[in-house]
Structures are given as structure tokens and as C-alpha cells.
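Have a look at the structure below, then the notes.
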Amino acid sequence: MKDLKELREQIDKIDKEIVSLYQERMEIAAEVAEYKIETGKKVFDKEREESKLASLTALADTPFNRHGIQELFEQIMSMSRKRQYQLMTAHGIFEKPDFTMVDNLDYKTAKIVYQGIEGAYTQLALKEYFGENVDSYHVENWRDAMEAIRNGDADYAVLPIENSSAGIVSENYDLMVEYDNCIVGEQIIRVNHALLGLPEAELSDITDVYAHPQALMQSSRYLEEHREWEKHSFKNNAMAAQKVKQDGKIYKAAIASRLNAEIYGLKVLEEGIQDNKENATRFIIVTRKHIFTKDAKKISVCFEIPHESGSLYHMLSHFIYNGINMNRIESRPVQGKNWEYRFFVDFDGNLNDAAVQNALRGLQEETISLKILGNY
């Protein structure tokens, strides 16, 4: 039996040879990039890579080694492509996204639309982002808000996209894919739910509670203490508060912000009833113009990938290789394609950054479809 030290020395020698061969291979990859730059040929050649992998794995003498060689050369080929993307970007060969850089957003004379009625958390986000004295109006649902900016009836829309407790607002993720609108900002609002009733009501009078499904979910522990109450889902919390006021029934209550008590003349029966006292909702600011500010530092994209083993890993490797910090990834089913998903990714960067351009080039070539949702 060989000594462990001797075995390690042999591995070290082989590893040095692998490093030398890898660097030699990457130098040739650079020459391949030069050829593709001259000829306009695409970097990613799926058929060529699949054929190459098949011939290489056929050289292995065991199933374990075949699998290992497959994985090894998938990585080597991936690195080769990324190097080629870098060189093409360095040569200025990059199809820039259809976005225009601006110094800042001009919303002094803008019209802003939000879903719900007066007192909705979305209105609070609107005022926090745009200020108190802005021209705003509300619509019945989120699709109406997206239609309003697409049709030019409004300049900006405010939409909830994620809650720290209840998760994503899936419908708005889907709407961002469906509409060619663009995210230009975000606003985070701390959620502080209160139980609101008529001025003459007491907690013991309540039998029915109205709120948005997420508010009911976010207050589940409190509601569990009152299992006898009937829960009713509503389009949003402000509309639930309005209903309690209009119905005038002492046994009805709404889960909404304290602001709604002031607006609709209701009484705060209990405050801070949400499970997570640090609960917050992230809202996005959307417009029909494809613009981004020069100091924008976050990018949102979505993409579809081949329904194959390792596909997502290879797509995410473009962020890793280019040193880009990824903040969030979500998935949504692709309509009409069972068990296939569209991925939504938020990451740090600006569309003018070379590293971002490299990553986007790789995603553009290797995904089924890629959409930049905004840089903000």
C-alpha cells in the first residue's frame, strides 16, 4: 500500500497538470472568441456541446467516471463561454437592453395610480415615495393599474410585490411578465394591522372579520385566539374597513391600518395584531417607459430555462462568475406548460456595468427567454 503522503504528492502533480491544461484551453477559447467576433457567430452552440460531451463521457471506464466527466466538462465549457462573453463585451459587442438612462425620475407633474381605495397600504407607499401633494387616483384591481400606465392614463403605478411574512404577491409577478411596463423604484412599508369596528362596538361584540387574504394570514395567531369569528376575504383592507362602516353592523370588524379608523370613523378595538411585529411589504413603482436612473443599483429579471437537469444552476452561475450579488429568486409556473417554471431574480448592479452586461449576455444566449423587468 502506498503511503498517504506519496499519494497526495501524486495528486498535487496531476492537479498542476490540470491547471496548466485548463489555462491552455482558456487561451484557445479566447481565440475562438476572436473568431466569433469576426464572423458574428453565437457563443453558445448547444448541439456542438452535447456532441462533445457524448464523445468525452464515452471514454470513461465506469459509470461513476462517466458522470464525473460529464459534470467536469459541463463546467469547463461553461467557463469557456463566460470568458468568450467577457471578450465580446470588451470589444463593444453587446446588444444593449432597450432602456434609456436618465439623471432622475420626473414625477412633479405625474399622475400616479394605485389599487384599492383611500387608506390602502398601497396609498401609504405612494405617499411615502412620491410625497403628499401628488396627483393620484385609485382603481379596482392590479390589472387596472397596469392598464392605466400602458394606456397613458397614468404615468406611474404602485403595486405590492412581496410581504415579509406572507411571501410574494404572485399575481403581480405574472402581470410584470404580461405587460411591457418597467420597474423604476421600490418602497417598503411597515405593516401594522389593527382590528377596527364601529365606534359603539366592543371586542366581545365581534363575530365577523373582513380583510385581504394576506392580512388574515399575517394575523393568524391572533385570529386563532378567536376561532368563533367568521373570516371573510376582501380585495384589500381599506375596502374591508369601508364595508364595516357602510354596513353599520356592530358585530363586524375589519383588519386594516389605524389610518383607516380615521378615514372611515371606526374604532380601534385591538392594535398590532399581526404575527410578525417587524412585518413589512415591499411595493414596486412601475411605468411604461423603459428607463433607469444613473445611480440605479438593483436589477430585476425573469427567464425561462430548458426543463433539464442542472439548467437553473448553469443560469445562476452567470451571476457567480461575474461577481454579482443575487438578492432574491422566486419561481412561478409557466402558463400552458405543466411543471415548467419561470424564474424571477433580483440582483445588485446597473445596466451600464460591464459585469452586468456579461451576465445578461450569457442569460440571453442560454435561456429560452429573458426579460429585464427594471433597474432601480
Side-chain angles (χ1 to χ4, degrees), residues 112-129 136-145 157-172 175 186-199 201 203 205-226 229-285:
I112 299 101
V113 62
Y114 67 98
Q115 180 270 341
I117 59 174
E118 190 177 2
Y121 278 111
T122 310
Q123 187 192 35
L124 297 180
L126 183 155
K127 290 186 175 184
E128 189 71 27
Y129 188 88
S136 65
Y137 71 101
H138 57 84
V139 290
E140 186 174 347
N141 56 54
W142 296 316
R143 181 177 291 277
D144 291 341
V158 182
L159 302 172
I161 198 71
E162 178 186 23
N163 178 266
S164 58
S165 294
I168 66 170
V169 183
S170 56
E171 183 180 342
N172 286 339
L175 287 173
E186 66 178 352
Q187 182 66 50
I188 296 174
I189 294 291
R190 186 170 177 177
V191 175
N192 187 22
H193 291 323
L195 186 71
L196 310 181
L198 295 177
L203 201 59
D205 297 318
I206 303 306
T207 62
D208 291 72
V209 176
Y210 297 81
H212 186 274
Q214 280 201 345
L216 294 172
M217 187 188 308
Q218 292 159 9
S219 309
S220 60
R221 291 179 194 164
Y222 177 79
L223 294 173
E224 187 68 18
E225 297 172 5
H226 301 277
W229 291 351
E230 181 120 12
K231 293 96 175 170
H232 304 273
S233 295
F234 233 66
K235 288 184 179 178
N236 65 48
N237 296 335
M239 293 177 75
Q242 185 184 57
K243 176 179 175 58
V244 169
K245 177 63 175 178
Q246 290 175 345
D247 288 358
K249 304 295 184 183
I250 198 171
Y251 58 84
K252 291 186 177 183
I255 297 175
S257 69
R258 172 180 275 276
L259 175 63
N260 286 277
E262 301 169 11
I263 293 172
Y264 299 108
L266 298 174
K267 177 182 178 180
V268 176
L269 300 174
E270 199 95 64
E271 194 161 16
I273 66 172
Q274 70 275 9
D275 299 343
N276 179 6
K277 303 307 177 186
E278 300 301 318
N279 190 13
T281 297
R282 184 167 69 103
F283 295 84
I284 53 174
I285 315 303

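Throughout, numbering of the chain's residues begins at 1 and tracks the sequence. Fair warning: this is a prediction, and the values are worked out from it, not measured in the lab.
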ask   = Strictly by modelled atom types, are Asn279 and Asn163 linked by a side-chain donor-acceptor pair under 3.5 Å?
value = yes
request  = Please assess Tyr114 against Tyr137 for the test side-chain contact (heavy atoms from CB on, under 4.5 Å), listing each intermediate value before the final yes or no.
outcome  = CA-CA 7 Å; Tyr114 67 98; Tyr137 71 101; 6.0 Å; no
request  = Given side-chain contact (heavy atoms from CB on, under 4.5 Å), test Val268 with Leu195 step by step and report yes or no.
outcome  = CA-CA 6 Å; Val268 176; Leu195 186 71; over 6 Å; no
task = Using atom types as modelled and distance alone, determine if a side-chain donor or acceptor of Lys267 lies under 3.5 Å from a backbone N or O of Ala201.
result = yes
Pair Asp275, Ser219: side-chain N/O donor-acceptor within cut-off below 3.5 Å = no
ask   = Side chain of Asn236, backbone of Ala120: donor and acceptor closer than 3.5 Å?
value = no
message = ring-ring contact (aromatic ring centres under 6.0 Å, His included), that's the test. Do Phe234 and His212 meet it? Break it down for me.
response = CA-CA 5 Å; Phe234 233 66; His212 186 274; over 10 Å; no
message = Quick test of your reading of the model: are Asp208 and Lys252 salt-bridged, counting only N-O distances below 4.0 Å?
response = no
ask   = Does a sphere of radius 6.0 Å around CD in Glu140 hold more than 12 heavy atoms from other residues, nucleotides or ligands, not counting ones at 6.0 Å or beyond?
value = no
ask   = Hey, is CZ on Arg258 packed in by over 12 heavy atoms from elsewhere, all under 6.0 Å?
value = no
query = Any salt bridge between Arg143 and Glu171, counting N to O under 4.0 Å?
reply = no
request  = For Lys277 and Gly272, indicate whether the former's side chain and the latter's backbone hold a donor-acceptor pair under 3.5 Å.
outcome  = yes
query = Between Ile161 and Ile168, is a side-chain contact (heavy atoms from CB on, under 4.5 Å) present by the stated rule, with each step listed?
reply = CA-CA 6 Å; Ile161 198 71; Ile168 66 170; over 6 Å; no
inquiry  = Keeping Trp229 on the side-chain end and Ile206 on the backbone end, is there a donor-acceptor pair under 3.5 Å?
reply    = yes
query = Side chains of Gln218 and His193: is there a donor and an acceptor less than 3.5 Å apart?
reply = yes
key: Shortest non-hydrogen separation from Ala145 to Ala157 and the atoms involved   = O-CB, 4.0 Å
query = Is there a donor-acceptor pair closer than 3.5 Å between any side-chain N or O of Asp205 and the backbone N or O of Tyr251?
reply = no
query = Hey, is the main chain of Ala280 close enough, under 3.5 Å, to the side chain of Ser164 for a donor-acceptor pair?
reply = yes
request  = Using the side-chain contact (heavy atoms from CB on, under 4.5 Å) rule, take Ile255 and Tyr210 through it: C-alpha gap first, then chi angles, then the decisive distance, then the call.
outcome  = CA-CA 6 Å; Ile255 297 175; Tyr210 297 81; over 6 Å; no
query = Side chains of Leu159 and Thr122: closer than 4.5 Å at any heavy-atom pair?
reply = no
ask   = What pair of heavy atoms forms the shortest contact from Asn237 to Ala215, and how long is it?
value = OD1-CB, 3.4 Å
request  = Taking atom types as modelled, find out whether Tyr222 and Glu270 have a side-chain donor-acceptor pair closer than 3.5 angstrom.
outcome  = yes
query = Counting N and O atoms only, with roles assigned by atom type, does the side chain of Gln242 sit under 3.5 Å from a partner on the main chain of Ala238, one being a donor and the other an acceptor?
reply = no
ask   = Quick one: does Gln274's side chain have a donor or acceptor within less than 3.5 Å of a partner on Val191's backbone?
value = yes
query = For the side chain of His138 and the backbone of Gly116, is there at least one donor-acceptor N/O pair under 3.5 Å apart?
reply = yes
ask   = What pair of heavy atoms forms the shortest contact from Leu269 to Leu196, and how long is it?
value = CD1-C, 4.3 Å
request  = Measure the CG-CD distance between Leu259 and Gln123 for me, rounded to the nearest 0.5 Å.
outcome  = 7.0 Å
